[in-house]
Amino acid sequence: MRGRELVSVCTSAAEALLSFTGANGTNLSVAEVESYHTSGKEHIILVLARPIEDTDGLRIRIEDLCVTAEAEILFYDRDSRTLAAKVPAWVFNVASEEGHRFSIETDLSFLVRNLKEYYERFGESVSLPRSAPCIAGDAVPWPDGPAPTPEQREAVRAVLSSPMSYVWGAPGTGKTQEVLAASVSAYLAKGRRVAVIAPTNNAVEQVLRGLISAIGRSRELSGLDPAKAIIRLGTATEPFASEYPGICEGKGIRAIADKRRKDADLLRKVLAERRRDSVRGEVAELMSMQKGASAGSLSPTGSPRSPGGWRATGRPLRCWHVRKKATAMHWENFRG
(Lines give C-alpha, C1' and ligand atoms only; values in the text may rest on other atoms or scores of the structure.)
Protein backbone atom coordinates (compact mmCIF):
# COMPACT_ATOMS: atom_id res chain seq x y z
CA MET A 1 0.00 0.00 0.00
CA ARG A 2 1.45 3.35 -1.07
CA GLY A 3 1.38 6.54 0.95
CA ARG A 4 -1.55 8.11 -0.87
CA GLU A 5 -3.63 4.95 -0.51
CA LEU A 6 -2.76 4.80 3.19
CA VAL A 7 -3.92 8.41 3.64
CA SER A 8 -7.23 7.68 1.95
CA VAL A 9 -7.91 4.53 4.02
CA CYS A 10 -6.92 6.05 7.38
CA THR A 11 -8.70 9.40 6.98
CA SER A 12 -11.93 7.80 5.73
CA ALA A 13 -11.80 5.31 8.62
CA ALA A 14 -11.30 8.17 11.10
CA GLU A 15 -14.25 10.09 9.65
CA ALA A 16 -16.47 7.00 9.85
CA LEU A 17 -15.46 6.37 13.47
CA LEU A 18 -16.09 10.00 14.46
CA SER A 19 -19.51 9.88 12.85
CA PHE A 20 -20.43 6.61 14.60
CA THR A 21 -19.21 7.55 18.09
CA GLY A 22 -20.74 11.03 17.85
CA ALA A 23 -24.13 9.63 16.86
CA ASN A 24 -24.11 7.00 19.63
CA GLY A 25 -22.49 9.06 22.38
CA THR A 26 -19.75 6.49 22.86
CA ASN A 27 -17.01 9.10 22.53
CA LEU A 28 -17.63 10.45 26.05
CA SER A 29 -16.20 9.26 29.36
CA VAL A 30 -18.08 10.77 32.35
CA ALA A 31 -17.07 11.11 36.02
CA GLU A 32 -19.60 12.43 38.52
CA VAL A 33 -18.65 15.20 40.96
CA GLU A 34 -19.26 14.47 44.66
CA SER A 35 -18.72 18.02 45.92
CA TYR A 36 -17.44 21.37 44.74
CA HIS A 37 -16.64 24.88 45.91
CA THR A 38 -15.31 28.06 44.38
CA SER A 39 -12.01 29.77 45.10
CA GLY A 40 -10.95 33.30 44.30
CA LYS A 41 -12.76 34.85 41.35
CA GLU A 42 -12.41 32.21 38.61
CA HIS A 43 -11.40 28.86 40.12
CA ILE A 44 -13.55 25.87 41.02
CA ILE A 45 -12.40 22.91 43.12
CA LEU A 46 -14.10 19.57 42.34
CA VAL A 47 -13.99 16.28 44.24
CA LEU A 48 -14.75 13.44 41.81
CA ALA A 49 -16.70 10.28 42.59
CA ARG A 50 -13.99 8.13 40.97
CA PRO A 51 -10.38 8.63 39.85
CA ILE A 52 -9.66 9.55 36.24
CA GLU A 53 -6.56 8.49 34.35
CA ASP A 54 -5.98 11.52 32.13
CA THR A 55 -6.98 15.17 32.07
CA ASP A 56 -6.63 15.64 28.31
CA GLY A 57 -9.81 16.99 26.70
CA LEU A 58 -11.71 17.46 29.98
CA ARG A 59 -14.86 19.58 30.06
CA ILE A 60 -17.15 20.56 32.93
CA ARG A 61 -20.85 19.74 32.60
CA ILE A 62 -23.62 21.21 34.74
CA GLU A 63 -26.11 18.35 34.69
CA ASP A 64 -29.22 20.15 35.92
CA LEU A 65 -28.73 22.93 33.33
CA CYS A 66 -27.67 20.53 30.53
CA VAL A 67 -24.74 22.74 29.52
CA THR A 68 -21.05 21.99 29.02
CA ALA A 69 -18.09 24.35 29.26
CA GLU A 70 -14.40 24.21 28.43
CA ALA A 71 -12.06 24.56 31.41
CA GLU A 72 -8.36 25.05 31.99
CA ILE A 73 -7.24 22.22 34.27
CA LEU A 74 -4.81 23.61 36.85
CA PHE A 75 -4.05 20.47 38.83
CA TYR A 76 -5.41 17.00 39.57
CA ASP A 77 -4.59 14.82 42.57
CA ARG A 78 -5.55 11.22 41.91
CA ASP A 79 -5.35 10.06 45.54
CA SER A 80 -7.91 12.59 46.79
CA ARG A 81 -9.72 12.74 43.41
CA THR A 82 -9.49 16.54 43.64
CA LEU A 83 -9.39 18.64 40.50
CA ALA A 84 -8.91 22.42 40.26
CA ALA A 85 -9.91 24.29 37.11
CA LYS A 86 -10.08 27.83 35.82
CA VAL A 87 -13.56 28.31 34.37
CA PRO A 88 -15.52 30.98 32.49
CA ALA A 89 -17.23 33.65 34.60
CA TRP A 90 -20.73 32.23 34.05
CA VAL A 91 -19.65 28.76 35.26
CA PHE A 92 -18.04 30.34 38.34
CA ASN A 93 -21.27 32.21 39.08
CA VAL A 94 -23.31 29.00 38.80
CA ALA A 95 -20.85 27.15 41.05
CA SER A 96 -21.20 29.94 43.63
CA GLU A 97 -24.81 28.85 44.08
CA GLU A 98 -25.87 25.70 45.90
CA GLY A 99 -27.81 22.74 44.59
CA HIS A 100 -26.26 22.23 41.15
CA ARG A 101 -25.00 18.88 39.87
CA PHE A 102 -21.63 18.79 38.12
CA SER A 103 -19.77 16.12 36.18
CA ILE A 104 -16.53 15.87 34.22
CA GLU A 105 -16.60 14.79 30.58
CA THR A 106 -13.72 13.59 28.46
CA ASP A 107 -14.37 13.66 24.73
CA LEU A 108 -12.11 10.85 23.52
CA SER A 109 -12.77 11.70 19.89
CA PHE A 110 -9.85 14.15 20.03
CA LEU A 111 -7.57 11.12 19.65
CA VAL A 112 -9.24 10.16 16.37
CA ARG A 113 -9.18 13.76 15.13
CA ASN A 114 -5.46 13.99 15.92
CA LEU A 115 -4.83 10.79 13.99
CA LYS A 116 -6.84 12.02 11.02
CA GLU A 117 -4.94 15.32 11.01
CA TYR A 118 -1.61 13.48 11.20
CA TYR A 119 -2.34 11.35 8.13
CA GLU A 120 -3.61 14.36 6.22
CA ARG A 121 -0.36 16.21 6.90
CA PHE A 122 2.26 13.44 6.86
CA GLY A 123 0.51 10.33 5.50
CA GLU A 124 2.23 10.31 2.11
CA SER A 125 5.62 10.03 3.80
CA VAL A 126 4.49 7.01 5.85
CA SER A 127 5.01 3.50 4.53
CA LEU A 128 4.11 0.11 5.93
CA PRO A 129 6.91 -2.17 7.15
CA ARG A 130 8.07 -4.74 4.59
CA SER A 131 10.51 -6.95 6.47
CA ALA A 132 9.25 -9.73 8.71
CA PRO A 133 10.40 -9.95 12.36
CA CYS A 134 13.50 -11.99 13.07
CA ILE A 135 12.03 -13.75 16.11
CA ALA A 136 10.54 -17.22 15.87
CA GLY A 137 6.95 -17.25 17.01
CA ASP A 138 7.37 -20.53 18.87
CA ALA A 139 10.26 -19.24 21.02
CA VAL A 140 8.23 -16.99 23.29
CA PRO A 141 9.32 -16.56 26.95
CA TRP A 142 5.83 -16.85 28.41
CA PRO A 143 5.88 -15.69 32.06
CA ASP A 144 5.00 -18.01 34.93
CA GLY A 145 1.36 -18.05 35.92
CA PRO A 146 -1.84 -19.08 34.15
CA ALA A 147 -1.17 -20.71 30.80
CA PRO A 148 -1.95 -18.51 27.77
CA THR A 149 -5.08 -19.32 25.82
CA PRO A 150 -4.84 -20.73 22.28
CA GLU A 151 -6.06 -17.36 20.94
CA GLN A 152 -3.30 -15.51 22.81
CA ARG A 153 -0.65 -17.91 21.50
CA GLU A 154 -1.94 -17.47 17.95
CA ALA A 155 -1.90 -13.69 18.31
CA VAL A 156 1.72 -13.68 19.47
CA ARG A 157 2.72 -16.00 16.60
CA ALA A 158 1.07 -13.58 14.16
CA VAL A 159 2.86 -10.59 15.69
CA LEU A 160 6.26 -12.32 15.47
CA SER A 161 5.82 -13.60 11.92
CA SER A 162 4.26 -10.67 10.02
CA PRO A 163 5.67 -7.27 8.97
CA MET A 164 2.54 -5.62 10.42
CA SER A 165 -0.09 -7.03 12.73
CA TYR A 166 -3.43 -5.90 14.11
CA VAL A 167 -4.65 -7.62 17.27
CA TRP A 168 -8.29 -7.13 18.24
CA GLY A 169 -10.06 -8.38 21.33
CA ALA A 170 -12.71 -7.42 23.84
CA PRO A 171 -11.62 -5.75 27.11
CA GLY A 172 -9.96 -8.19 29.50
CA THR A 173 -8.86 -10.72 26.87
CA GLY A 174 -5.15 -10.07 27.50
CA LYS A 175 -4.20 -7.92 24.50
CA THR A 176 -1.87 -5.71 26.55
CA GLN A 177 -0.93 -7.70 29.63
CA GLU A 178 -0.37 -10.99 27.79
CA VAL A 179 -0.04 -10.70 24.00
CA LEU A 180 1.88 -7.44 23.74
CA ALA A 181 3.96 -8.13 26.86
CA ALA A 182 4.93 -11.58 25.56
CA SER A 183 5.79 -10.21 22.10
CA VAL A 184 8.04 -7.49 23.51
CA SER A 185 9.59 -9.98 25.95
CA ALA A 186 10.54 -12.20 23.00
CA TYR A 187 12.56 -9.34 21.50
CA LEU A 188 14.16 -8.45 24.84
CA ALA A 189 15.20 -12.08 25.36
CA LYS A 190 17.14 -11.82 22.05
CA GLY A 191 18.81 -8.56 23.08
CA ARG A 192 16.72 -6.47 20.68
CA ARG A 193 15.30 -2.97 21.19
CA VAL A 194 11.59 -2.20 20.99
CA ALA A 195 9.77 1.16 20.79
CA VAL A 196 6.29 1.18 22.32
CA ILE A 197 4.16 4.08 21.05
CA ALA A 198 0.62 4.97 22.11
CA PRO A 199 -1.69 8.02 21.81
CA THR A 200 -2.05 8.65 25.57
CA ASN A 201 0.08 8.50 28.72
CA ASN A 202 -2.23 5.94 30.25
CA ALA A 203 -1.97 3.59 27.26
CA VAL A 204 1.84 3.68 27.31
CA GLU A 205 1.96 2.99 31.02
CA GLN A 206 -0.53 0.13 30.82
CA VAL A 207 1.83 -1.55 28.35
CA LEU A 208 4.85 -0.90 30.57
CA ARG A 209 3.09 -2.23 33.66
CA GLY A 210 2.26 -5.45 31.81
CA LEU A 211 5.83 -5.72 30.51
CA ILE A 212 7.40 -5.14 33.94
CA SER A 213 5.11 -7.79 35.41
CA ALA A 214 6.01 -10.23 32.61
CA ILE A 215 9.74 -9.66 33.13
CA GLY A 216 9.37 -10.36 36.84
CA ARG A 217 7.56 -13.66 36.15
CA SER A 218 9.77 -14.91 33.29
CA ARG A 219 12.63 -17.38 33.83
CA GLU A 220 14.28 -16.35 30.55
CA LEU A 221 14.34 -12.70 31.63
CA SER A 222 15.17 -13.23 35.30
CA GLY A 223 18.49 -11.41 34.95
CA LEU A 224 16.94 -8.34 33.32
CA ASP A 225 16.57 -5.23 35.48
CA PRO A 226 13.55 -3.20 34.28
CA ALA A 227 15.12 0.01 35.63
CA LYS A 228 18.07 -0.51 33.25
CA ALA A 229 16.26 -2.17 30.34
CA ILE A 230 13.24 0.19 30.06
CA ILE A 231 13.00 3.95 29.77
CA ARG A 232 9.72 5.81 29.90
CA LEU A 233 10.19 8.83 27.61
CA GLY A 234 8.19 12.03 28.04
CA THR A 235 6.19 13.14 31.05
CA ALA A 236 4.89 10.19 33.07
CA THR A 237 1.75 10.34 35.15
CA GLU A 238 2.39 10.95 38.85
CA PRO A 239 1.28 7.45 40.02
CA PHE A 240 3.60 5.78 37.50
CA ALA A 241 6.54 8.06 38.32
CA SER A 242 6.03 7.39 42.03
CA GLU A 243 5.91 3.62 41.49
CA TYR A 244 8.70 3.36 38.91
CA PRO A 245 10.98 6.42 39.30
CA GLY A 246 14.01 4.57 37.92
CA ILE A 247 12.29 3.95 34.60
CA CYS A 248 11.21 7.55 33.91
CA GLU A 249 13.61 9.89 32.17
CA GLY A 250 14.98 12.80 34.19
CA LYS A 251 13.15 15.38 32.08
CA GLY A 252 9.84 13.75 32.89
CA ILE A 253 10.61 13.66 36.61
CA ARG A 254 11.59 17.33 36.54
CA ALA A 255 8.35 18.19 34.75
CA ILE A 256 6.38 16.38 37.47
CA ALA A 257 8.37 18.19 40.17
CA ASP A 258 7.63 21.55 38.50
CA LYS A 259 3.95 20.63 38.26
CA ARG A 260 3.91 19.66 41.94
CA ARG A 261 5.42 23.02 42.88
CA LYS A 262 2.80 24.87 40.84
CA ASP A 263 0.07 22.73 42.40
CA ALA A 264 1.41 23.51 45.87
CA ASP A 265 1.43 27.24 45.11
CA LEU A 266 -2.15 27.08 43.89
CA LEU A 267 -3.24 25.03 46.91
CA ARG A 268 -1.66 27.59 49.23
CA LYS A 269 -3.63 30.33 47.49
CA VAL A 270 -6.84 28.29 47.71
CA LEU A 271 -6.30 27.57 51.41
CA ALA A 272 -5.49 31.21 52.10
CA GLU A 273 -8.69 32.27 50.35
CA ARG A 274 -10.72 29.77 52.37
CA ARG A 275 -9.12 30.98 55.60
CA ARG A 276 -10.01 34.55 54.67
CA ASP A 277 -13.59 33.48 53.95
CA SER A 278 -13.74 31.74 57.35
CA VAL A 279 -12.40 34.80 59.17
CA ARG A 280 -14.85 37.07 57.33
CA GLY A 281 -17.69 34.83 58.47
CA GLU A 282 -16.51 34.87 62.08
CA VAL A 283 -16.08 38.65 62.01
CA ALA A 284 -19.57 39.08 60.56
CA GLU A 285 -20.95 36.88 63.35
CA LEU A 286 -19.17 38.90 66.01
CA MET A 287 -20.32 42.16 64.46
CA SER A 288 -23.91 40.97 64.55
CA MET A 289 -23.49 39.89 68.19
CA GLN A 290 -22.34 43.33 69.31
CA LYS A 291 -25.37 45.11 67.86
CA GLY A 292 -27.60 46.29 70.68
CA ALA A 293 -24.87 45.61 73.24
CA SER A 294 -23.22 48.34 75.26
CA ALA A 295 -19.95 49.65 73.91
CA GLY A 296 -18.11 48.35 76.93
CA SER A 297 -19.07 44.70 77.14
CA LEU A 298 -20.47 41.57 75.47
CA SER A 299 -21.79 38.36 76.98
CA PRO A 300 -21.17 34.93 75.36
CA THR A 301 -24.59 35.24 73.68
CA GLY A 302 -24.15 38.86 72.63
CA SER A 303 -26.28 40.47 75.40
CA PRO A 304 -25.05 43.46 77.44
CA ARG A 305 -23.04 42.81 80.58
CA SER A 306 -21.83 44.87 83.48
CA PRO A 307 -18.66 46.96 83.13
CA GLY A 308 -16.83 44.08 84.78
CA GLY A 309 -17.35 41.98 81.65
CA TRP A 310 -15.08 41.76 78.62
CA ARG A 311 -13.82 45.08 77.34
CA ALA A 312 -13.97 45.93 73.64
CA THR A 313 -10.17 46.28 73.44
CA GLY A 314 -7.19 44.53 74.92
CA ARG A 315 -8.89 41.14 75.53
CA PRO A 316 -9.70 38.22 73.21
CA LEU A 317 -13.26 37.98 71.96
CA ARG A 318 -14.66 34.47 71.61
CA CYS A 319 -17.64 33.55 69.45
CA TRP A 320 -19.87 30.82 70.89
CA HIS A 321 -22.01 30.61 67.75
CA VAL A 322 -19.48 29.26 65.23
CA ARG A 323 -17.77 25.90 65.08
CA LYS A 324 -14.26 27.26 65.46
CA LYS A 325 -13.87 29.91 68.13
CA ALA A 326 -12.38 33.20 66.98
CA THR A 327 -9.60 33.49 69.53
CA ALA A 328 -6.81 36.02 69.93
CA MET A 329 -8.67 38.55 67.77
CA HIS A 330 -8.93 42.03 69.26
CA TRP A 331 -11.64 44.52 68.41
CA GLU A 332 -9.24 46.80 66.60
CA ASN A 333 -8.10 43.89 64.39
CA PHE A 334 -11.45 43.51 62.70
CA ARG A 335 -13.17 46.83 63.26
CA GLY A 336 -12.03 47.97 59.73
Side-chain angles (χ1 to χ4, degrees), residues 1-32 48 50 52-63 65-73 76 83 85 87-88 91 102-133 151 154-156 158-159 161-177 179-180 183-184 194-208 210 233-235 237:
M1 183 180 293
R2 298 183 181 275
R4 189 168 298 177
E5 295 173 311
L6 184 64
V7 170
S8 177
V9 170
C10 292
T11 55
S12 60
E15 290 170 354
L17 182 57
L18 287 171
S19 177
F20 175 80
T21 56
N24 292 275
T26 53
N27 58 320
L28 295 178
S29 174
V30 179
E32 299 296 328
L48 307 183
R50 63 173 179 82
I52 56 176
E53 300 299 334
D54 209 324
T55 58
D56 289 338
L58 281 186
R59 299 181 301 186
I60 294 178
R61 180 172 176 80
I62 307 172
E63 295 288 351
L65 301 182
C66 298
V67 292
T68 304
E70 302 292 334
E72 178 186 348
I73 306 303
Y76 171 64
L83 183 145
V87 296
V91 175
F102 284 80
S103 64
I104 293 294
E105 289 183 351
T106 305
D107 185 356
L108 300 177
S109 60
F110 79 94
L111 296 172
V112 184
R113 287 194 295 269
N114 289 349
L115 184 64
K116 178 176 180 289
E117 180 182 350
Y118 175 84
Y119 278 109
E120 288 173 343
R121 295 178 59 187
F122 308 111
E124 293 193 15
S125 62
V126 176
S127 61
L128 299 179
R130 297 178 181 177
S131 58
E151 292 80 8
E154 181 58 34
V156 172
V159 169
S161 61
S162 306
M164 181 177 178
S165 303
Y166 178 82
V167 178
W168 182 91
T173 54
K175 300 183 298 298
T176 301
Q177 303 294 323
V179 173
L180 186 54
S183 301
V184 174
V194 179
V196 176
I197 301 170
T200 66
N201 281 327
N202 184 51
V204 170
E205 291 168 4
Q206 286 295 329
V207 174
L208 294 182
L233 298 175
T235 304
T237 62

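Nothing here was measured: the structure is a model prediction, and the numbers come from that model.
Annotation: side chain to side chain contact (heavy atoms under 4.5 Å, CB included) contacts of S165 (sequence neighbours excluded): V159, S162. Judged as a side chain to side chain contact (heavy atoms under 4.5 Å, CB included), and not counting sequence neighbours, the contacts of T173 are A170, K175.
The CD1 atom of I60 sits 4.5 Å away from atom CD1 of I104, with the distance rounded to the nearest 0.5 Å. In this structure, the separation between CD on E32 and CG on L48 is 10.0 Å, given to the nearest 0.5 Å. Taken to the nearest 0.5 Å, the CD atom of E63 stands 5.0 Å off from the CZ atom of R61. Put simply, CG on L83 and CD1 on I73 are 4.5 Å apart, with the number rounded to the nearest 0.5 Å. Distance check: E120 CD to L115 CG gives 10.0 Å after rounding to the nearest 0.5 Å.
Residues in residues 10-20 take part in these salt bridge (charged side-chain N to carboxylate O under 4.0 Å, His left out) pairs, two or more places apart or across chains: E15-K116.
Here the side chain of Y119 pairs no donor or acceptor atom with the backbone of A14 at under 3.5 angstrom. Looking at E205, its side chain does come within 3.5 Å of a backbone N or O of T237 through a donor-acceptor pair.
A side-chain contact (heavy atoms from CB on, under 4.5 Å) with T176 holds for exactly one of V207, L208, V167; it is V207.
Contact detail for S12 and S8: the closest heavy-atom pair is OG-O, 2.8 Å. Summarising the geometry of A31 relative to I52, their closest heavy-atom pair is CB-CG2, 3.9 Å, with the distance given to 0.1 Å.
For R50, the CZ atom sits in a packed shell: over 12 heavy atoms of surrounding residues, nucleotides or ligands are nearer than 6.0 Å. Other residues, nucleotides and ligands contribute more than 12 heavy atoms inside 6.0 Å of the CZ atom of F110.
Between S109 and D107, the side chains place a donor N or O and an acceptor N or O closer than 3.5 Å (distance only, hydrogens not considered).
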